[in-house]
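To start, the structure under review is shown below, and the notes come after it.
All residue numbers refer to positions in the sequence shown, counting from 1.
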Amino acid sequence: MTSQSSLAGRRAVVTGASSGIGAATARLLAAQGARVALVARRQDRLDALHAEIKDAGGFAVPIVLDLAADTVEAGARLAARELGGVDLVVNAAGILSPGPVLGGPTDSWERQIDLNLTGLLRLSGALLPELVAAASAGGAADLVNVSSAAATQVEPGAPVYAATKAAVSHLSRHLRMELAPHDVRVTDLRPGMVLTELLSGSEMGVAWTEDMRKRIDPLTADDVAQVIAFAVGQPRHVNLPEIVVMPVKQM
């Protein structure tokens, strides 16, 4: 989809890089010539991906960071130093804890809000000056927020997750309004069902995944990474502000 030269020299921060969409995106961006900061909580996973990218001739730096902690701004500054600036941010980190609001555990609500929304805001806010500076220097600058198809529909069993993704999508619209005058592009990416570890933490989630696997042939993380690489590989005056990518059979 995207030629290697279009991403060569880009300096990307990718969250959620220990698995799923984040890992696939980091791997693809590095393969296409970008320097990539791998941001996630699990050091062993980051170290393995770092070694894989390095062995393939790419550049990556692992940064262990919990986006729900108070160290987000420091982690963002470290990423910018290690990369020599930042012109691409992919917010791919996220969690889903199935369960209703009525009688549901409040700690799971808070964790989803802290990571899916507040953490995204903190990291993006810390790196927006880097994006503005990169665009001012004449290069492409991108903020990609991985939301979900759940942002615009009712999701039985995942109301808080859907609410956080609705907030991410609406935040992306406002960020585009703020950043467009600075030539910074914002993309709100809303994937449908993707085979990742997102639903692996509960019996309900595992059953849901298996049902979807049989019925609709879900997307893979690599499918979504290809879409991200295509979007950020466009000429700097071209923005794809909202992208919905779905399995053919998912309605």
Atom [atom1] of [X] and atom [atom2] of [Y]: how far apart are they, to the nearest 0.5 Å?
X    : Y    : atom1 : atom2 : answer
L128 : L121 : CG    : CG    : 9.5 Å
L115 : D66  : CG    : CG    : 7.0 Å
L127 : R77  : CG    : CZ    : 10.5 Å
D55  : H50  : CG    : NE2   : 9.5 Å
N239 : D142 : CG    : CG    : 7.5 Å

Stepwise side chain to side chain contact (heavy atoms under 4.5 Å, CB included) test for S169 and T152: CA-CA 9 Å; S169 289; T152 58; 5.9 Å; no
Assigning hydrophobic clusters by single linkage (Ile, Leu, Val, Met, Phe, Trp, Tyr; side-chain heavy-atom cutoff under 4.5 Å), is [X] placed with [Y]?
X    : Y    : result
L143 : V132 : yes
L120 : I95  : yes
I21  : M246 : no
I243 : L219 : yes
L189 : L195 : no

Which pairs, with at least one residue in residues 19-29 and sequence neighbours excluded, count as a side chain to side chain donor-acceptor pair (under 3.5 Å)?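 Matches after skipping sequence neighbours: S19-R42, R27-E52.
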Going through the checks in order, is the side chain to side chain contact (heavy atoms under 4.5 Å, CB included) test met by H170 and R173? CA-CA 5 Å; H170 204 45; R173 298 181 190 105; 3.1 Å; yes
In a check of side-chain contact (heavy atoms from CB on, under 4.5 Å) between V14 and each of L38, V144, L29, which one passes?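 Of L38, V144, L29, side-chain contact (heavy atoms from CB on, under 4.5 Å) with V14 is met by L29 alone.
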So [Y] and [X], do their side chains get closer than 4.5 Å, heavy atoms only?
X    : Y    : answer
L175 : N145 : yes
E130 : V13  : no
V245 : P191 : yes
V168 : L117 : yes
K249 : P247 : no
E178 : V184 : no

Report yes or no: does [X] contribute a side-chain atom to a donor-acceptor pair with the main-chain N or O of [Y] at less than 3.5 Å?
X    : Y    : result
R185 : V232 : yes
N116 : K165 : no
T187 : L240 : yes
T220 : D223 : yes
T15  : A93  : yes
Q32  : A229 : no
D87  : R11  : yes
T164 : I113 : no
S148 : R190 : no

Does atom [atom1] of [X] have more than 12 heavy-atom neighbours, drawn from other residues, nucleotides or ligands, at distances under 6.0 Å?
X    : atom1 : value
H182 : NE2   : yes
E73  : CD    : yes
R41  : CZ    : no
D217 : CG    : no

Closest heavy-atom pair and its distance - [X], [Y]:
X    : Y    : answer
L49  : A17  : CD2-O, 3.3 Å
P181 : M177 : CD-O, 3.4 Å
A80  : V86  : CA-CG2, 3.8 Å
L46  : S18  : CD2-N, 4.0 Å
L96  : Q112 : CA-OE1, 3.7 Å
A141 : L131 : CB-O, 3.4 Å

Would L28 and Q226 count as a side chain to side chain contact (heavy atoms under 4.5 Å, CB included) if you check the C-alpha gap in whole Å, the side-chain angles of each, and the deciding distance to 0.1 Å? CA-CA 8 Å; L28 182 58; Q226 288 283 347; 3.9 Å; yes
Intermediate values then yes/no, side chain to side chain contact (heavy atoms under 4.5 Å, CB included), V101 and V160: CA-CA 7 Å; V101 173; V160 176; 4.3 Å; yes
Return the set of residues passing salt bridge (Lys or Arg N to Asp or Glu O under 4.0 Å) with R236 (not counting sequence neighbours), or none when no residue passes.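 Partners of R236 under the salt bridge (Lys or Arg N to Asp or Glu O under 4.0 Å) test: none.
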Taking E82 first and then R35, would you say they form a salt bridge - that is, a charged N and a carboxylate O separated by under 4.0 Å?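 Salt bridge flag = no for R35 with E82.
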